[in-house]
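When a ligand or atom number is given, it counts from 1 through the structure's own listing order.
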Amino acid sequence: MKKNWLIICSFIALSRAVLAQDAAPKPFGPIPSANQLRWQKMEYYAFIHFSVNTYTDMAWGFGNEDPKIFNPEKLDCRQWARICKEAGMKGIIFTAKHHSGFCLWPSKYTDYSVEKAPWKNGKGDIVREMADACKEFGLKFGVYLSPWDRNHPDYGKPEYITYFRNQLTELLTNYGEIFEVWFDGANGGNGYYGGANETRKIDAKTYYDWQNTYKLVRKLQPNIVIWNDGGDRADLRWVGTEAGYVGETNWSLLNATGDVPENMLRHGVENGNAWVPGEVNTSIRPEWFYHEREDRKVKTLPQLLDIYYHSVGRNATMLLNFPIMPNGLIHEKDEKAVQDLTKTLKETFANNLAKKAIVSANLTRGSKTIFGANKVIDNDVNTFWATNDDEKTASITLDFGKSTSFNRFLVQEPIQFGQRVKAFTLEAFVNKKWVEIAKETTIGYKRILRFPTVEATKLRFNILDAKSCPLISNIEVYKAPIVLTPPSILRNKEGMVQFVSGDKESEIYYTLDGSQPTAKSEKYTSTVKTTDEKVEIKAISYNPFTKQSSIVSEEYFDISRKNWKIISTEEVAANNLLDGNPNTSWHQKGNQALPAALVIDLGKAENLQGFRYLPAQNWWEEGSIITHYKFEISEDGKAWQSISEGEFSNIKNNPFWQIKTFKPIFAKYVKFTALKNAQEGSASGYAELDIITTK
Ligand code: FUL
């Protein structure tokens, strides 16, 4: 009797244990809210930048622009929505108000808006047209409302907060459901401010009283996510750069309070106590607003693919900006670029090879019907493969049954249970041996790996470490078409040109006369000498085996800098800013003595009509970016005339070439002065400085 009783007891204990492991694992650490989860699944959506500064060719409006300049005669929000929809994007975030303070809807609280513009005789409302177009094309709609307002007289005073919230209320009440609101943190201080024309400093942490603003937002739009890089922690985080990538290690966690250094923005915080996932925002051109000169700088297919894999492929979302032209349309080159991206992504992710494999795991939690390995290929991200609670390592093998070639691996965690995986590897079974093809860290909502094509019969995915038992909801394997990266083109001080290949197998062909290069053009073997004059160089990468060509890369160089001499310093490193290599830099010391001037003797008088400045590209580690400058010229190096002075708006977030033009003037000497740096008191960092001549 006693014995039977014991058997019954142990049976109950055993089935309890089995049942416990059949039960879903408990969430680990912070988890996303329903709104964050819905947002994450959008993956890819658009930004649209349009304002009065579209008409003044500026990155930031000053706030004094006359609304009369705002007249987008062909404005067509349906064109914008169509392009985004066809690109596979899921929504659009629109700059309802940028830093200029100009409102693209007729706000009741200001007349600095479309109401004062000639467009539609002041009867138009672009926010309305945008919201309607999104609805028609089945896209979600989001708004960008700049907290910094360079037009409003009360900016800096408590009254402005009331104004800001009133506008927010208009936008979040009158235009249907809003999926995301963007509160940009940029603030350069100076502005028009109702005519005061002064610099106003605010404490971004306290001034906007974000907590109460957030309450208002959530009351008006319960399904919204809030983006904020300047104030209190919101739902989403900036990734610390506008260049279009987040760290390979990317935790969707931060700490709810405290400062977030840029490094943390890129990688998140492994043991952070709040769920704050990253959103990668970048523009399809170097800048956010339209500039005609950037028609040749639209991001190329290889660049856009990199952005996709470095955002969606690294547990973030991709927010890609289209600048609107003064006529109110997206440029056809931008449309073409995004179409090419969509086409390639469709081809890449068309045939999931994992579906054809037999999937097995070395460990499984409880019942295989609930948590078995085949859950990773069942097309349902809500079901997943799991191990027992105490396991931190486990492997899944995909057996293709025959030799199969692939170059992409996609994996997902069911993040509603928290982000868990800390380290994993990927191995391919080639010639009867396991070969490691990737060693990585985090996964999160989605991770996509790219690697050179491998031919293997099996693929093994090994989780090496996790915060809690690993859970995997999805695995996909693909063979993507090869897209060749065009070469980059560098010209040094002496006018010698070097082409740098994007891969190791391709040959490079080029032209120096602006014509389209083909595999019949000049082949690049060693450095090419160009004349000292302006030159337009085009080049392609070409794979002789597949006969495939890359798209064309092109660079336009002004006169060579051969005879230039920096005369304000003897430091040899200063010549780095003339060497044509963006990766070498010079940091002008003497931070006490700011403004620090750089004087260059051009060798002979040139007819100047502008200059360009590229900040040091290693600004993460060292030195600073110049935000305010003065450009002077002289015939004799003694008497100076100031030609251009101002700011490089948004250079800190977007540290690329800054171009300033002016009326043509002859000069033999130029003086460039850094009036202010992004990091106050630090050295001024230069990668390159160049002039633009009229010749
Ligand atoms: C930045 C702004 O200053 C830019 O103008 C742009 O709107 C970008 C998305 O955010 O910080």
Novice: Under a 4.0 Å heavy-atom cut-off, what residues line ligand 1?
Specialist: Phe47, His49, Trp60, His98, His99, Tyr144, Trp182, Asp184, Ala186, Glu242, Asn281, Trp288, Asn650, Asn653
Novice: State, to 0.1 Å, how close Pro323 and Glu287 come at their nearest heavy-atom pair, and which atoms those are.
Specialist: CG-O, 4.4 Å
Novice: Have a look at Thr317 and tell me which of Tyr45, Tyr44, Tyr445 forms a side-chain hydrogen bond (donor to acceptor under 3.5 Å, both in side chains) with it.
Specialist: Tyr45
Novice: Does any pair with a residue in residues 44-71 pass salt bridge (charged side-chain N to carboxylate O under 4.0 Å, His left out), and if so which ones, sequence neighbours excluded?
Specialist: Asp57-Arg293
Novice: Below 30° counts as parallel, above 60° as perpendicular, anything between as tilted: where do the rings of Tyr155 and Tyr207 land?
Specialist: perpendicular
Novice: I'd like to check the side-chain hydrogen bond (donor to acceptor under 3.5 Å, both in side chains) partners of Gln211; sequence neighbours left out, ordered by chain and number.
Specialist: Asp232
Novice: Ignoring hydrogens and angles, write down the donor-acceptor pairs under 3.5 Å from the side chains of residues 87-99, residues two or more places apart or on other chains.
Specialist:
| residue | atom | partner | partner atom | Å |
| --- | --- | --- | --- | --- |
| Lys90 | NZ | Gly88 | O | 3.4 |
| Thr95 | OG1 | Ile48 | O | 3.3 |
| Thr95 | OG1 | Phe50 | N | 3.1 |
| Thr95 | OG1 | Phe50 | O | 3.1 |
| Lys97 | NZ | Asp149 | OD2 | 2.8 |
| Lys97 | NZ | Tyr160 | OH | 3.0 |
| Lys97 | NZ | Gln167 | OE1 | 3.2 |
| His98 | NE2 | Tyr144 | OH | 3.2 |
| His99 | ND1 | Ser146 | OG | 2.8 |

